[in-house]
Visitor: 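Below are the structure tokens for one structure; questions will follow.
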Amino acid sequence: MDTYTAFSLLKERLNGIASVFQYTGQYLADKTKTRYKVPALYIEFVPNPAVVNFGKIRCLTYQVNLHYIAQAPFNVADNQVQQTAMRAHAGKMLDLYNLVEGMEIGDVQGRLLIGQCLILNRAPVTYQDTLAVGVLTLQANLYDYSAAYQSIAPKP
């Protein structure tokens with residue numbers, strides 16, 4: 001399975017948290033501030049070289065970083081507006097954590113496409129300009145059945 005297919009499956013599941021986009025470093029300081037609307041959830045796939053074959057089914061392990069970005073107008077928590085924004089951000093991070101912990105995604109034929117998601121880390125919230133950024137890191141197995149289909153494809 002390619003990461004775009006996995007991204008599409010995750011996007012469908014996570015769209016209730018915020019608008020979902022593929023991560024390309026959009027909010028990093030050296031970027032030209034190409035941000036989408038906030039709040040937003042960015043999905044980043046970091047490949048792990050481990051590939052396991054089960055016959056013609058490949059299992060690829062990925063680290064998946066979920067970047068949740070929300071408005072937080074001040075870098076300090078000494079006012080009511082910022083405290084409210086921080087509580088809202090923490091609530092969404094908890095919702096995200098509860099949604100993805102142990103999540104599996106299959107297809108209509110009952111095949112597993114994304115294996116059990118295991119939470120590896122929840123980084124402390126950081127602030128960039130007027131944004132609060134939280135990153136949830138998980139490990140997920142992506143299953144690729146394309147070789148299995150090639151072996152049963154009819155010959156011309």
Side-chain angles (χ1 to χ4, degrees), residues 1-72 86 88-128 131-156:
M1 170 189 289
D2 60 27
T3 57
Y4 182 75
T5 302
F7 166 77
S8 298
L9 292 167
L10 287 171
K11 179 179 180 176
E12 187 176 310
R13 286 281 176 99
L14 302 177
N15 233 357
I17 300 289
S19 298
V20 180
F21 305 96
Q22 266 189 308
Y23 178 75
T24 59
Q26 290 93 331
Y27 66 88
L28 297 177
D30 61 342
K31 289 288 187 170
T32 57
K33 300 190 186 289
T34 53
R35 295 184 183 134
Y36 300 114
K37 69 179 188 173
V38 176
L41 181 63
Y42 296 99
I43 301 175
E44 173 187 20
F45 291 93
V46 180
N48 181 335
V51 175
V52 178
N53 290 306
F54 303 104
K56 295 190 181 219
I57 301 169
R58 292 177 50 208
C59 174
L60 299 92
T61 301
Y62 277 83
Q63 175 181 308
V64 181
N65 296 320
L66 303 174
H67 305 253
Y68 176 69
I69 301 174
Q71 193 70 33
M86 291 169 64
H89 189 277
K92 285 292 187 174
M93 288 297 294
L94 183 60
D95 292 345
L96 182 60
Y97 184 99
N98 291 332
L99 185 61
V100 299
E101 173 66 21
M103 179 176 64
E104 294 181 336
I105 300 176
D107 64 8
V108 293
Q109 294 143 343
R111 296 175 306 185
L112 189 60
L113 299 176
I114 299 178
Q116 186 178 34
C117 297
L118 304 172
I119 303 293
L120 299 177
N121 187 34
R122 181 176 172 179
V125 175
T126 59
Y127 298 94
Q128 296 183 13
L131 301 176
V133 180
V135 179
L136 186 64
T137 301
L138 54 107
Q139 178 179 305
N141 293 326
L142 308 183
Y143 293 91
D144 180 7
Y145 298 88
S146 60
Y149 288 122
Q150 291 174 359
S151 65
I152 60 171
K155 295 190 171 143

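Residues take their numbers from the sequence shown, with the count starting at 1.
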Visitor: Phe7 versus Val20: any side-chain heavy-atom pair under 4.5 Å?
Guide: yes

Visitor: With Ser19, which residues qualify under side-chain hydrogen bond (donor to acceptor under 3.5 Å, both in side chains), at least two apart?
Guide: Lys37

Visitor: Would you mind writing out the side-chain donor-acceptor pairs for residues 112-123 within the sub-3.5 Å range, not counting sequence neighbours?
Guide:
none

Visitor: Applying side chain to side chain donor-acceptor pair (under 3.5 Å), which residue pairs with at least one partner in residues 89-102 are found, sequence neighbours left out?
Guide: none

Visitor: Atom CG of Leu10 and atom CD1 of Ile43: how far apart are they, to the nearest 0.5 Å?
Guide: 5.0 Å

Visitor: Return the CG to OG1 distance between Leu9 and Thr3, rounded to the nearest 0.5 Å.
Guide: 11.5 Å

Visitor: Distance check, rounded to the nearest 0.5 Å: Leu66 atom CG versus Leu14 atom CG?
Guide: 6.5 Å

Visitor: Under the rule for side-chain hydrogen bond (donor to acceptor under 3.5 Å, both in side chains), what residues qualify as partners of Gln71, not counting sequence neighbours?
Guide: Thr130

Visitor: Glu44: what forms a side-chain hydrogen bond (donor to acceptor under 3.5 Å, both in side chains) with it, not counting sequence neighbours?
Guide: Asn65, His67

Visitor: Between Tyr127 and Ala72, what is the shortest heavy-atom contact and its length?
Guide: CE2-CB, 4.0 Å

Visitor: Can you tell me how far the CG atom of Leu131 sits from the OH atom of Tyr68, to the nearest 0.5 Å?
Guide: 11.0 Å

Visitor: Specify the closest pair of heavy atoms between Leu41 and Ala18, including all atoms of both residues, with the distance to one decimal.
Guide: N-CB, 4.1 Å

Visitor: To the nearest 0.5 Å, what is the distance between OH (Tyr143) and CD (Glu104)?
Guide: 8.0 Å

Visitor: For atom CD of Glu12, is the number of surrounding heavy atoms from other residues, nucleotides or ligands below 6.0 Å larger than 12?
Guide: no

Visitor: What is the distance from atom CD1 of Ile57 to atom OH of Tyr145, rounded to the nearest 0.5 Å?
Guide: 5.0 Å

